Amino acid sequence: MATLQVLGTCHHDCPDSCGWIATAEDGALTRIRGNPEHPYSTGELCPKVNRFVHRVNDPDRLLTPLVRRGAKGDGSFRPASWDEALAIVADRLGEVRAKLGGEAILPWWSAGTQGMIQENSISRAFFAHLGSSRQTGSICGQAAAHGMAATYGAPLGADACALEHAELVILWGTNTRLTNRHLWPVVERARARGARLVVIDPIRTITADAADLFIQPLPGTDVALVLAMIQVILDEGLIDRDYVDRYATGFEELAAHVADSTPEWAAEQCGVDADTIRELARDYGRAEPAMIRCLIGAEHHDNGAMFFQAVSCLPVLTGSWRQQGGGVARSVGSWAELHDVNLAVFDEPGNRLGLSRRGLGQPQLGRHLTDTELEPPIAALVVWNGNPLVSMPRSGRIRAGLARDDLFTVVSEQFMTDTARYADVVLPATTQAEHLDVVPAWGHLWLGWNEPAIAPRGEAVPNTELFRRLARACGIDDPIFAATDAELIDMALGPAVDRDELRQRGFVRVSGTTDLMPYAEGGFHTPSGRAQLAGPVGDDGAPMLPSFVTPREGAGRATADELVLVTPKRHVRFLNTSYSGLAGHAEREQPPALEMDAADAGDRGLADGDHAEVFNERGRLRLPVRISDRLRPGVVAVPWGWWSTEYGNDGLVVNDLTNDAATDRGGGAAYGDTLVRVRGVT
Ligand SMILES: Nc1nc2c(c(=O)[nH]1)N[C@H]1C(S)=C(S)[C@@H](COP(=O)(O)OP(=O)(O)OC[C@H]3O[C@@H](n4cnc5c(=O)[nH]c(N)nc54)[C@H](O)[C@@H]3O)O[C@H]1N2
Ligand SMILES: Nc1nc2c(c(=O)[nH]1)N[C@H]1C(S)=C(S)[C@@H](COP(=O)(O)OP(=O)(O)OC[C@H]3O[C@@H](n4cnc5c(=O)[nH]c(N)nc54)[C@H](O)[C@@H]3O)O[C@H]1N2
Ligand code: SF4
Ligand SMILES: [Mo]
């Protein structure tokens with residue numbers, strides 16, 4: 001028997017980017033286990049990826065191109081050869097361009113794989129040649145990046161691993177034990193050294209269960225909490241005046257601006273009592289140092305960017321950036337992009353063409369597909385690396401768009417997802433075990449190598465090969481499509497990366513990030529080199545000071561019978577909507593339910609196990625009620641991640657209810673600012 005072992009890296013959109021060792025026997029994948037040498041994941045994967053071999057070998061994998069033969073959405077397809085499928089796609093894209101222009105074509109992609117070349121590399125050149133619309137914004141990370149950059153000039157923050165040295169750790173809008181599990185041992189080490197742990201979340205999550213102090217604000221109100229913390233820190237002289245004088249601008253404006261933002265005022269906005277806010281501010285101001293760790297929870301709101309702008313002021317005011325273990329940590333992907341990963345090389349073919357192409361926001365896909373005023377309208381959609389019908393907000397609009405007879409949809413997928421069911425042509429994609437890549441992590445500062453362990457199953461192809469084939473079929477001639485995957489990696493990796501070490505060990509440290517202390521002596525990325533406490537200058541010429549504005553929908557706007565709906569990740573065995581359609585995953589999780597506080601349920605005559613309808617003007621779902629003491633009155637939760645088949649609601653999913661309004665900046669979506677009503681049904 002021929003046995004092969006290779007080093008790989010998990011490709012999932014997960015902060016941990018674990019290192020793995022994959023084993024193949026006689027050309028079939030037989031084992032994936034954690035690489036014990038990996039500095040962050042130290043040999044452990046997770047309950048999702050421990051079963052990755054089953055995903056790769058699953059009998060439902062898509063292994064040939066498919067062409068629709070039934071109605072859109074009914075999932076009826078016939079197999080086709082690549083030649084036939086490519087010819088159909090090239091013909092239809094050609095027709096759309098001839099009739100409506102290139103911008104009638106919309107690429108839609110997400111981070112199904114976040115590998116450097118398989119996420120979105122030569123696809124950029126392909127769509128540039130077509131003159132298509134561009135996807136802008138992102139459901140994940142961009143609002144936060146814009147917010148942090150408003151204060152620091154760049155979205156560059158601390159390495160979360162440094163929290164090991166903190167005296168106080170605040171996990172703010174992140175469920176670390178579930179979503180970032182390999183950071184948890186670091187939190188535990190900090191606590192073993194005496195650190196206090198604060199968790200700020202509208203839900204008492206499993207992470208909150210472990211906290212010394214749990215703070216439960218109403219969703220979307222954290223900016224008020226931050227402003228009150230600043231007010232207390234200033235009022236009680238807990239600032240590092242020397243740090244502020246040397247390295248910040250806008251202090252006087254900010255101080256005047258927050259003078260009235262007392263804990264009593266914030267208590268009214270966020271539903272957290274004033275004494276708790278004061279205690280939090282004091283603890284934060286006195287800790288030497290305190291680390292704030294945020295991920296995505298507070299970003300999915302109307303004021304998602306403003307939260308990150310405001311929270312970024314805190315460690316400037318207290319000077320906690322001076323110390324290892326201080327500052328704010330969010331995604332650290334920008335460090336890799338600053339030093340070692342140059343994705344802009346894939347934009348060069350497009351830059352040479354010099355076309356100006358309209359941008360359309362990723363989360364608002366449904367609007368673009370149904371907007372009758374859009375000129376030109378979207379007539380062709382190409383989807384890869386994502387399942388937008390389940391993952392983007394306001395699914396009803398996306399479904400209505402995908403059902404249009406005059407829309408031509410291509411989906412590249414590993415499985416027949418809800419989105420793929422609406423495709424005209426489905427093209428089979430490889431998994432991480434079948435293609436080459438380098439994974440730049442966003443939860444830690446190690447680049448990961450990924451060697452394929454097996455040849456592609458069936459006729460599946462890597463995304464790079466997909467776009468080479470599409471380019472050829474569309475008659476696009478550009479040297480970038482002649483580059484192999486190894487050459488594409490080499491083009492995008494910076495000169496400081498030791499390629500041999502990366503291949504042989506399976507990981508290398510991002511250059512220049514050992515013991516990262518980015519702002520110990522200022523050096524912010526703003527034009528002045530100082531942190532902007534009063535924010536950047538807005539379009540109106542005035543500074544955009546950290547300010548709390550009540551979300552347009554959501555907490556603070558609910559009428560007497562409305563509730564705020566949150567839809568977080570909950571599942572140990574799902575990664576976003578991946579795995580929820582696979583055996584061995586869904587049936588081991590609690591099925592979809594509406595979780596609510598006993599008081600809210602009682603008001604509506606509901607008891608645990610009853611059935612309720614949860615609805616708003618966007619959609620309605622029927623779900624069993626689960627009474628939970630993890631939610632505060634006024635807030636209900638439906639965990640997200642299930643495919644429509646699991647909800648038993650005629651193809652609807654929880655994102656049928658969610659708000660697709662854009663975030664204040666960064667082109668995210670205000671999912672978390674969703675109001676619903678609930679009533680019992682028999
Ligand atoms: N098991 C598992 N792990 C995952 C994923 C998965 O699907 N499953 N998904 C991966 C992805 S793509 C990402 S982006 C990360 C996300 O990782 P996290 O950000 O940790 O996860 P989320 O569930 O998006 O949100 C975290 C918490 O934010 C809270 N929250 C919601 N609104 C607010 C608010 O207004 N203020 C505050 N303070 N908190 C709020 C939610 O209640 C939730 O508990 O996880 C990754 N890891
Ligand atoms: N209600 C609600 N909605 C949310 C969130 C939430 O907390 N609540 N979280 C949001 C967040 S943070 C995120 S990041 C998004 C995630 O949303 P998506 O990025 O859409 O994530 P998935 O649904 O897991 O879809 C990834 C798909 O990519 C496919 N895939 C994987 N590798 C490859 C490949 O190499 N090639 C191709 N062609 N396909 C591949 C997988 O089979 C899978 O179907 O969801 C968002 N949606
Ligand atoms: S999904 Fe996350 S935790 Fe699981 S193996 Fe991949 S990177 Fe690691
Ligand atoms: Mo995400």
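Heavy atoms only: backbone and side chains are in, while hydrogens, waters and symmetry mates are out. What you see is a predicted model, and the numbers here were worked out from it, not measured in a lab. In each ligand, atom 1 is the first atom listed, and ligand 1 is the first ligand listed.
Considering backbone and side-chain N/O atoms, Ile200 comes within less than 3.5 Å of an N/O atom of ligand 1. For ligand 1, the polar-atom distance check finds an N/O of Gly220 within less than 3.5 Å of one of the ligand's N/O atoms. Taking only nitrogen or oxygen atoms, main chain and side chain alike, Thr176 does not reach within less than 3.5 Å of ligand 1. Every N/O-N/O distance between Ala298 and ligand 1 stays at or above 3.5 Å. Ligand 1 has a nitrogen or oxygen under 3.5 angstrom from a nitrogen or oxygen of Asp222. The shortest N or O to N or O distance between Trp442 and ligand 1 is not under 3.5 Å. The shortest N or O to N or O distance between Thr174 and ligand 1 is under 3.5 Å.
Pairing each heavy atom of Arg573 with each of Gly584, the nearest pair is CD-O, 4.0 Å. Closest approach of Ala601 to Ile627, counting heavy atoms only: CB-CD1, 3.2 Å.
Look at Cys18 and atom 4 (Fe) of ligand 3: no N/O/S atom of the residue is under 2.8 Å from the metal.
The shortest heavy-atom distance from Gly672 to ligand 1 is not under 4.0 Å. Remark: distances from the non-hydrogen atoms of Pro15 to ligand 1 include one below 4.0 Å. Using a non-hydrogen distance threshold of 4.0 Å, Pro202 registers as a contact of ligand 1. Within the structure, ligand 1 lacks Val566 among the residues with a heavy atom less than 4.0 angstrom away. Ligand 1 has Lys48 within reach: a non-hydrogen atom of the residue lies less than 4.0 Å from it.
Nearest to atom 32 (N) of ligand 1 by heavy-atom distance, out of Gln114, Arg177, His301, is His301. Nearest residue to atom 41 (C) of ligand 1 from Leu295, Asn303, Asp201, Asp302 is Asp201 (criterion: closest heavy atom). Around atom 8 (N) of ligand 1, the closest heavy atom drawn from Phe574, Tyr579, Trp640 belongs to Phe574. Which of Arg573, His571, Arg630, Arg570 comes nearest to atom 1 (N) of ligand 1 through a heavy atom is settled by distance: it is His571.
Contact check on Arg630 versus Asp209 returns a salt bridge, with a Lys/Arg side-chain nitrogen under 4.0 Å from an Asp/Glu carboxylate oxygen.
Of all protein heavy atoms, the one closest to atom 5 (S) of ligand 3 is Val49 CB, 3.5 Å. The protein heavy-atom contact nearest to atom 6 (Fe) of ligand 3 is Cys10 SG, 2.3 Å.
The aromatic rings of His11 and Phe52 sit tilted, their planes meeting at an angle between 30° and 60°.
The six-membered or imidazole ring of His38 lies near that of His444, with a centre-to-centre distance under 6.0 Å.
When non-hydrogen atoms are compared, ligand 3 lies under 4.0 Å from neither the backbone nor the side chain of Pro15.
Partner Cys46 forms a side-chain contact (heavy atoms from CB on, under 4.5 Å) with one of Arg181, Arg51, His12 and no other, that one being Arg181. Partner of Tyr40 under the side-chain contact (heavy atoms from CB on, under 4.5 Å) criterion, out of Cys161, Pro15, Ser17: Cys161 alone.
Near Asn175, the atoms of ligand 1 lying under 4.0 angstrom from a non-hydrogen atom of the residue are 20 (O), 26 (C). Every atom of ligand 1 is numbered from 1 in the order shown, and the set under 4.0 Å from a heavy atom of Trp172 is 38 (N).
More than 12 heavy-atom neighbours from other residues, nucleotides or ligands sit within 6.0 angstrom of CD on Glu587.
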